[in-house]
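Here is the structure we will look at.
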Amino acid sequence: MVKKRFIAGAVCPACSKQDTLRWWKENEIEIVECVECHHVDRRLPKSVEQSEHLAEDKGQQVIGIFKPE
């Protein structure tokens with residue numbers, strides 16, 4: 001089970017309420033969600049953001065990252 005942690009003092013960019021944002025990581029993607037308005041923000045690791053293989057359209061969401069072992 002993934003631990004979800006609240007971000008103390010943070011303000012939601014959508015509803016402007018304070019102390020409602022929680023943070024967790026799924027498959028190396030950081031997720032921040034507001035528990036009041038359910039606004040969600042996803043952030044890729046910097047190594048993936050700099051990859052030339054990503055689509056030019058940043059509006060697309062990443063489904064997963066394949067890492068061959």
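What you find for Cys37 and Cys34 is that their closest heavy atoms are N-SG, 3.5 Å. Closest of all the heavy-atom pairs between Val2 and Lys25 is CG1-O, 3.8 Å. What you find for Arg42 and Ile29 is that their closest heavy atoms are CB-CG2, 4.1 Å.
The hydrophobic cluster around Phe6 extends to Val35, counting ILVMFWY residues whose side-chain heavy atoms fall within less than 4.5 Å of a member.
Partners of Trp23 under the side chain to side chain donor-acceptor pair (under 3.5 Å) rule, at least two apart in sequence or in another chain, do not exist in this structure. Qualifying side chain to side chain donor-acceptor pair (under 3.5 Å) partners for Asp19, counting only residues two or more places apart in sequence or in other chains: none. Judged as a salt bridge (charged side-chain N to carboxylate O under 4.0 Å, His left out), and not counting sequence neighbours, Lys4 has no contacts. Glu30 meets the salt bridge (charged side-chain N to carboxylate O under 4.0 Å, His left out) test with no other residue; sequence neighbours excluded.
Within the 4.5 Å cutoff, the side chain of Val40 has heavy atoms near those of the Ile31 side chain. Here the side chains of Glu33 and His39 are not in contact, with every heavy-atom distance at 4.5 Å or above.
The structure places CD of Glu36 at 10.5 Å from CG of Leu21, a figure rounded to the nearest 0.5 Å.
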